[in-house]
Amino acid sequence: MDIAVVGTGFIGGTLGRALARSGHRVTFGSRNPDNDQVSEDTGAAVSSPAEAVAGADAVILAIPGNAVKEFADQNAGALEGKLVIDATNRMGSPVANARADLPGGLRYARAFNTVGGENMADPVFADGPADMFFSAPAADRAAMEEVISGVGLRPVYVGEDQEEIIDALFRLWIALAMGQGRGRRLALRLLEG
Ligand SMILES: NC(=O)c1ccc[n+]([C@@H]2O[C@H](COP(=O)([O-])OP(=O)(O)OC[C@H]3O[C@@H](n4cnc5c(N)ncnc54)[C@H](OP(=O)(O)O)[C@@H]3O)[C@@H](O)[C@H]2O)c1
């Protein structure tokens with residue numbers, strides 16, 4: 001897939017490099033497109049957010065939650081009809097996700113926000129990969145599973161428009177990792193009989 005990763009910090013860099021290494025064509029969207037350090041040895045491209053979005057099948061948002069509105073306003077036309085994967089979290093806000101700041105005509109998915117980034121950089125635990133629970137339109141389930149698997153996580157589909165449930169898992173992770181002091185090397189997994 002052609003994947004735009006908007007944001008070149010901890011989460012954007014981690015996801016973009018992993019996806020490039022697993023064979024996807026990744027373009028980072030950055031406010032500093034001349035700086036390609038984020039790509040490391042992966043061959044991923046770096047361009048402006050607008051250029052990255054224009055050529056993408058899927059767009060991963062890995063920017064601060066409070067930066068989404070400006071990004072969305074500047075790229076509303078290009079986002080129309082695109083699969084947009086919201087990895088942003090607004091810590092301490094009643095609504096963690098950024099859906100309300102995005103235009104309505106895109107295919108909204110919620111993923112990559114439920115665990116600390118260390119667990120996405122190194123998704124395999126002693127007994128196998130961590131799960132990544134996600135919400136997306138049913139028609140995009142397979143594409144989402146490909147993207148999540150590309151990072152090395154096991155995708156678990158929760159349904160369409162279920163970002164509130166995904167955000168509850170984010171709050172669970174914070175409660176366990178931070179509130180209970182278990183530490184950030186912590187992920188969630190579904191067990192089925
Ligand atoms: N840290 C975690 O463990 C974790 C886990 C899950 C989800 N998240 C969420 O993922 C998102 C990114 O987190 P992160 O830890 O990767 O943060 P980060 O290291 O600070 O990176 C954020 C990136 O967003 C871009 N950006 C665009 N507009 C910005 C603005 N107005 N101010 C600052 N940066 C801006 C920057 O890339 P350019 O300079 O290239 O534009 C920056 O490198 C956040 O919404 C966070 O809540 C974080």
Side-chain angles (χ1 to χ4, degrees), residues 3-20 26-40 42 44-54 56 58-76 78-79 84-102 108-123 130-135 144 147-148 151-153 155-156 163-179 182-188:
I3 300 171
V5 178
V6 182
T8 60
F10 182 30
I11 299 304
T14 296
L15 298 178
R17 288 189 295 272
L19 290 165
V26 171
T27 304
F28 288 100
S30 174
R31 297 166 302 169
N32 303 297
D34 295 336
N35 181 349
D36 65 357
Q37 284 184 353
V38 65
S39 303
E40 297 183 358
T42 64
V46 183
S47 67
S48 68
E51 285 172 316
V53 169
V59 178
I60 298 177
L61 296 182
I63 59 179
N66 61 14
V68 173
K69 177 102 177 61
E70 185 180 351
F71 164 79
D73 288 346
Q74 290 173 351
N75 295 281
L79 289 169
V84 176
I85 305 166
D86 179 8
T88 70
N89 279 325
R90 283 182 168 92
M91 290 283 288
S93 168
V95 178
N97 69 74
R99 187 168 191 171
D101 285 343
L102 292 166
Y108 179 82
R110 184 71 164 140
F112 297 127
N113 68 308
T114 53
V115 296
E118 298 89 338
N119 306 293
M120 298 192 263
D122 183 10
D131 285 349
M132 179 50 66
F133 297 82
F134 72 99
S135 163
M144 287 295 296
V147 173
I148 291 169
V151 176
L153 293 152
V156 179
E163 59 272 14
E164 284 180 25
I165 294 176
I166 305 301
D167 289 358
L169 297 179
F170 158 64
R171 293 196 297 275
L172 175 62
W173 189 89
I174 295 287
L176 295 173
M178 312 296 187
R182 290 171 186 260
R184 292 179 62 91
R185 184 62 176 155
L186 184 157
L188 307 171

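One-based numbering, in listed order, for ligands and for the atoms of each. Numbers here are sequence positions counted from 1.
Residue contacts with ligand 1 do not include F71, since none of its heavy atoms lies under 4.0 Å from the ligand. Put simply, part of R184 is less than 4.0 Å from ligand 1, judged by heavy atoms.
When only interatomic distances are considered, the shortest N/O to N/O separation between I11 and ligand 1 falls below 3.5 Å. In terms of polar-atom proximity, defined here as any N/O pair under 3.5 Å, V115 makes no such contact with ligand 1. Between T88 and ligand 1, not a single N/O pair is under 3.5 Å apart.
For the side-chain contact (heavy atoms from CB on, under 4.5 Å) with F133, the qualifying choice from N113, V156, L153 is V156, the only one to do so.
Partners of N97 under the side-chain hydrogen bond (donor to acceptor under 3.5 Å, both in side chains) rule, at least two apart in sequence or in another chain, are D167.
Nearest protein neighbour of atom 29 (C) of ligand 1, counting heavy atoms only, is R31 NH1, 3.3 Å. For atom 45 (O) of ligand 1, the closest non-hydrogen atom on the protein side is I63 O, 2.7 Å.
Heavy atoms of F112 found under 4.0 angstrom from ligand 1 belong exclusively to the backbone.
Each of the following atoms of ligand 1 lies closer than 4.0 Å to a heavy atom of S30: 38 (P), 40 (O), 41 (O).
Atom 17 (O) of ligand 1 is not flagged as protein-proximal [any protein heavy atom, distance under 4.0 Å]. At a distance under 4.0 Å, no protein heavy atom can be found next to atom 20 (O) of ligand 1.
The closest non-hydrogen atom to atom 22 (C) of ligand 1, taken over A62, G7, A87, comes from A62.
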